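Below is one structure, written out as structure tokens; comments come after it.
Treat the numbers as computed from the prediction; the structure is a model and nothing was measured.
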Amino acid sequence: MLPIHGRWKIKVADKLVMQWFADSWNEEAVIAYVKEFKAAAAPLIDGEWAIISIFEHWELGIPEIEHHVTELCEWFKQNGCIKDCHVYSSNTLKSLQLEKMIPHTENGYERCVFNNVNEAIIWLDMQGFTVTQPQFLYDIDMSHPEA
């Protein structure tokens, strides 16, 4: 087994999973991340919840990560996630890989992509998911090398 290559942070507050991703990812990273995500989201399963994901410092992943991400997306949709937003500056390669793995808006689930954290927070608030700890998102987005 190879060492994990890729970084992430996950924080759950109220009915919201806030997460941040960095670096390029190998399969070992996505396996560890999925395990951590499911454990963090477990308390939310009985209700409706949302996700905000900061991909600004994420540098893509090898093709082997894709089926793991697709399976995780099915899991969170089946377990109450109804709103999902991604934050990253315009990047064709990043967009292509994310669009391939992440489900599009469909019955009972809506996903939006934003260029900045403020827009994502406003959208989530309008959807009924208030970001009570926005500093977490700003801190991790601004502190890429140390995060």
Between K94 and S89, is there a donor-acceptor pair closer than 3.5 Å when you use the side chain of the first and the backbone of the second?
-> no
Identify the heavy atoms of M18 and A13 that sit nearest to each other, and give their distance.
-> CE-CB, 4.0 Å
Tell me yes or no: between the side chains of E28 and H5, is some donor less than 3.5 Å from an acceptor?
-> no
Begin from the C-alpha positions of W20 and R7 and carry the test side-chain contact (heavy atoms from CB on, under 4.5 Å) through to its verdict.
-> CA-CA 8 Å; W20 169 89; R7 294 181 295 146; 4.0 Å; yes
Run the salt-bridge test on E106 and K77 with the 4.0 Å N-O cut-off and return the result as yes or no.
-> yes
Modelled atom types, side-chain donor and acceptor of D125 and T130, under 3.5 Å = yes
Do the non-hydrogen side-chain atoms of V87 and N115 ever get within less than 4.5 Å of each other?
-> no
Are K83 and E48 side-chain neighbours, meaning at least one heavy-atom pair lies under 4.5 Å?
-> no
Is the closest side-chain heavy-atom distance between L124 and C85 below 4.5 Å?
-> yes
Which one of L44, I45, D84 satisfies the side chain to side chain contact (heavy atoms under 4.5 Å, CB included) criterion with F76?
-> D84
Mind running side-chain contact (heavy atoms from CB on, under 4.5 Å) on W8 and V30 for me, showing each step along the way?
-> CA-CA 10 Å; W8 65 92; V30 78; over 6 Å; no
E36, CD atom: more than 12 neighbouring heavy atoms under 6.0 Å | yes
What distance separates H104 NE2 from C73 SG, expressed to the nearest 0.5 Å?
-> 10.5 Å
CA sep, side-chain torsions, deciding dist, call: Y33, W25, ring pair (Phe, Tyr, Trp, His ring centres under 6.0 Å) = CA-CA 10 Å; Y33 157 73; W25 280 46; 5.7 Å; yes
Which pair of heavy atoms, one from I62 and one from E27, lies closest together, and at what distance?
-> CD1-N, 3.8 Å
Distance-only, no hydrogens or angles: does the Q97 side chain make a donor-acceptor pair with backbone N or O of G61 under 3.5 Å?
-> yes
Spell out, as yes or no, whether a donor-acceptor pair under 3.5 Å connects the side chain of W49 to the backbone of N79.
-> yes
Would you check if the side chain of Q19 reaches a backbone N or O of I54 as a donor-acceptor pair within less than 3.5 Å?
-> no
Apply the test side-chain hydrogen bond (donor to acceptor under 3.5 Å, both in side chains) to residues T105 and E110: give CA-CA distance (whole Å), side-chain angles for both, the deciding distance (0.1 Å), then the verdict.
-> CA-CA 4 Å; T105 295; E110 183 178 13; 5.1 Å; no
With rounding to the nearest 0.5 Å, note down the distance linking CD1 in I82 to CG in N107.
-> 11.5 Å
Do L16 and I51 have side-chain heavy atoms sitting under 4.5 Å apart?
-> no
For the residue pair V34 and F37, establish whether any side-chain heavy-atom pair is separated by less than 4.5 Å.
-> no
For I52 against A120, the heavy-atom pair lying closest together = CD1-CB, 3.7 Å
Less than 4.5 Å apart, any side-chain heavy atom of S53 and any of F55?
-> yes
Can you tell if the side chain of F21 reaches within under 4.5 Å of the side chain of K9, non-hydrogen atoms only?
-> no
Can D23 and H57 be said to form a side-chain contact (heavy atoms from CB on, under 4.5 Å), step by step?
-> CA-CA 6 Å; D23 307 328; H57 301 293; over 6 Å; no
Would you name the heavy atoms of T70 and M101 that are closest together and state the gap between them?
-> OG1-O, 3.3 Å
Are E99 and V113 close enough that some pair of their side-chain heavy atoms sits under 4.5 Å apart?
-> yes
Of the non-hydrogen atoms in V12 and A40, which two are nearest, and what is the gap between them?
-> CG2-O, 3.4 Å
Would you check if the distance from the ring center of W123 to the ring center of F114 is below 6.0 Å?
-> yes
Judged by atom type as modelled, is there a donor-acceptor pair below 3.5 Å linking the side chain of S95 to the main-chain atoms of N91?
-> no
Are Y88 and L96 connected, step by step, through hydrophobic side chains (Ile, Leu, Val, Met, Phe, Trp, Tyr) whose heavy atoms are closer than 4.5 Å?
-> no
Does NZ belonging to K15 count more than 12 external heavy atoms closer than 6.0 Å?
-> no
